Every structure is written in structure tokens, then in C-alpha cells.
Amino acid sequence: MNYSLESYIDIINKALSEKLYKVNDGQDYIRDAMSYSLENGGKRIRPVLTLEFCRACGGNVEDAVNFACAVEMIHTYSLIHDDLPCMDNDDFRRGKPSCHKNFGEEYALLAGDGLLTLAFETALGENNSVKPENIIKAVRSLAELAGISGMVGGQVLDLQSEGKEPSLPKLQTIDRLKTGALIKASVLLGCYAANVDDKAVIDAALKYAECIGVAFQIVDDILDVTSDSLTLGKPVGSDIKNDKITYVSFMGIENAKKEVGRLTDEAINALAVFNEDTAFLKDFALKLSNRNK
């Protein structure tokens, strides 16, 4: 069975609402803060990839829902923390006040912590026909790619690069870790949910993720210069304000756009090893490269 983007997003949103369960000891305020950010729209790119890679590997999409929710919880916690005054100090996210502006800085910090830990609780929930060894592989991969050798490490390098002379290798490393690592986790978890053990398939999924991950960050860099706050739902120009190195500052807008096209083509070519229909993933890569927000 093939799914549309809209049907995937419906599955994810419903599941996220269910996974963020009620609490009974007076800590409702922090749950509300978690819910505020988790259910505040978003493209759901990462959990959609988890579900679709499960399907493209011949698995049952329902088996990947817990993994998909876990990935989105980690992504959301990272956004909450990124917006904090000690980090990017952004007051808006997806057209609404950032979590710390709405709930207070200390509660935003805890909301992020809550989502991070809930992610692993969710990933280890009932996963139907996923083999136990693949659940372990999935959770370990998620922890590794979200941590200091992945997303968190990329954020560290990004902070340390502010105000310094740009270097293309450094920029590529930052993007590979800060943005690309969690996208890699998303596709890996989809493969594991389908109980895939074919190295060629895993490698192809990772290649796709690597390419769209860097392309996604380049498009973000372009939009930070060319778009407006109303369209993006968050402040623009923050890269310039924080004196960050970006693809635009390093190579210019036109060359950055060409690089997005090259990476998107590579991602699509990587899908050749899959036996199932990959039209969704091809179209998804193209939509990400052509987005305006």
C-alpha cells in the first residue's frame, strides 16, 4: 500500500498526541510546554522518512510509528533548546512564540529534556513485528546520531564556528552532524522497522539521507537570506546576526542552489537498489529542494 504525504502526517500527528500521555502529580505545566512545541505543526520530514523507508523496504508502516514519533520528539527538543537565549535566542518558531517565550526559559529547558527522554521510552514501546535485535539497533542508532557524535556534536561545532573564517570542510562537517545525523537516524529506523539486514539497502538509505540532509541545510541557509519572517514563521537573518558560516556566505546564492540540485540528484540515484516503488521518496527529495519555507 502506498501513502500520501498528508496521510503520513495524519498518522504521525495522531500518534504523537497519544504518546504524550497525561500526568497526574501536578506537572501538567511541563507537559503543556512539551505539547505546545511538539504539536506546533512542522513539516514532519524525519518521521515521514521513517514511515516511508519502512514501506519502501517491504515493511508494515504501523510497525515504524513508535520509531517515527521518537525521531520527531528528539527533533522538537533540539528546536526548543536551539531557540533558547543561550543558543540562537529566537523568539518565534513556526509562526508562534518560542517555547521559552511562552512558558519561561527554565520550563523550556525541561520541556526539551522531557521530550528527549520520552523519545526513548516511545521507541522501546510495543513495536509489533519488529525483531528485538532490530529494536536494539534502532535505539542505539538513534542515541548515537542524536548525541555528541551526531546532532549535539554538530551544534557544538556550529557554536564554535561563529565569528570565525569560513571553511567548506568545516561547514560540511557541521551540516553532516547538526542536520544530517538525525535524518540518517530517521531512514535507519525505517529500515530496522522493516527488519532489513541487506547492507546494500542500508547503505543506499544512508546515502539518500546524507544528500537530502545537506541539501536541506543549504536551502535553509538560502531562505535565511532570501525569505521573510512571515513566510518562514521564524526570524530571518539570524545567521548574519550570529556571524555564522553558511553555504551562502561561503559560495554565494547561485552556487548554493546548484549544489542543492546536485545533492538531490545523488539522493534520487541512490534509490535504484530498492525493489519497492520509490516515487514518493524521489518526489519528497525534489519538494525539499524546492521549498520556500
Side-chain angles (χ1 to χ4, degrees), residues 3 8-23 30-31 33-57 59-82 99 110-155 177-196 202 205-206 209 213:
Y3 292 79
Y8 274 144
I9 291 175
D10 285 345
I11 291 170
I12 292 159
N13 288 342
K14 181 175 182 293
L16 285 171
S17 180
E18 293 171 351
K19 303 300 179 187
L20 192 53
Y21 51 78
K22 301 292 183 182
V23 287
I30 200 64
R31 184 201 176 277
M34 293 162 66
S35 176
Y36 175 82
S37 294
L38 189 62
E39 298 179 1
N40 183 20
K43 305 175 190 71
R44 305 303 194 205
I45 289 166
R46 294 154 190 81
V48 165
L49 285 171
T50 301
L51 298 184
E52 175 60 14
F53 265 92
C54 178
R55 187 212 60 80
C57 292
N60 181 352
V61 164
E62 290 300 317
D63 291 343
V65 169
N66 282 352
F67 291 166
C69 288
V71 168
E72 187 67 1
M73 288 170 185
I74 287 181
H75 174 57
T76 303
Y77 114 75
S78 74
L79 298 182
I80 293 173
H81 284 188
D82 278 357
C99 189
L110 290 170
D113 293 344
L115 285 170
L116 172 59
T117 49
L118 181 60
F120 290 99
E121 180 182 344
T122 300
L124 289 166
E126 172 119 12
N127 286 282
N128 300 319
S129 59
V130 184
K131 294 178 181 177
E133 58 266 33
N134 282 337
I135 296 175
I136 293 170
K137 286 180 185 177
V139 173
R140 180 169 182 171
S141 297
L142 184 58
E144 178 183 347
L145 290 165
I148 60 172
S149 60
M151 182 185 70
V152 170
Q155 182 66 48
L177 298 176
K178 183 180 176 183
T179 303
L182 200 56
I183 293 177
K184 281 187 174 182
S186 303
V187 306
L188 269 180
L189 267 61
C191 293
Y192 290 141
N195 292 313
V196 170
I202 295 288
L206 288 173

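Along the sequence shown, residues are numbered consecutively beginning with 1. None of the values given here were measured: they were computed from a predicted structure.
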What's the spacing between [X] [atom1] and [Y] [atom2] if we round to 0.5 Å?
X	Y	atom1	atom2	result
Asp82	Cys99	CG	SG	12.5 Å
Leu115	Thr76	CG	OG1	6.5 Å
Cys69	Glu121	SG	CD	12.0 Å
Arg55	Asn60	CZ	CG	12.0 Å
Leu182	Ile45	CG	CD1	11.0 Å

Between [X] and [Y], which heavy-atom pair has the shortest distance, and what is it?
X	Y	value
Met73	Lys19	CE-CB, 3.6 Å
Leu177	Gly150	CB-O, 3.3 Å
Pro47	Ile12	CB-CD1, 3.6 Å
Phe53	Ala205	CE2-CB, 3.5 Å
Ala119	Ala70	O-CB, 3.2 Å
Ser186	Thr50	O-OG1, 2.9 Å

Compare all side-chain heavy atoms of [X] with those of [Y] and state whether any distance is below 4.5 angstrom.
X	Y	answer
Leu116	Ile74	yes
Ile11	Tyr3	yes
Leu118	Tyr77	no
Arg46	Ile183	yes

For this session: Report the residue from Ile135, Leu188, Thr122 that forms a side-chain contact (heavy atoms from CB on, under 4.5 Å) with Phe67.
Result: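 By the side-chain contact (heavy atoms from CB on, under 4.5 Å) criterion, Phe67 pairs with just one of Ile135, Leu188, Thr122: Ile135.
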
For this session: Decide yes or no on side-chain contact (heavy atoms from CB on, under 4.5 Å) for Leu20 and Leu16, but give the supporting numbers first.
Result: CA-CA 6 Å; Leu20 192 53; Leu16 285 171; over 6 Å; no

Using a 3.5 Å distance criterion without hydrogens, assess whether the side chain of [X] forms a donor-acceptor pair with backbone atoms of [Y].
X	Y	value
Ser37	Met34	no
Ser78	His75	yes
Asn66	Glu126	yes

Problem set entry | Verdict with supporting geometry, Val130 and Asn195, side-chain contact (heavy atoms from CB on, under 4.5 Å) | CA-CA 6 Å; Val130 184; Asn195 292 313; 4.0 Å; yes

Problem set entry | Ion pair Arg44/Glu72, N-O distance below 4.0 Å | yes

Solution key, residues 141-149 side-chain donor-acceptor pairs under 3.5 Å, sequence neighbours excluded:
{"unit_1": "Ser141", "atom_1": "OG", "unit_2": "Lys137", "atom_2": "O", "d": "2.8"}
{"unit_1": "Ser149", "atom_1": "OG", "unit_2": "Glu144", "atom_2": "O", "d": "3.2"}

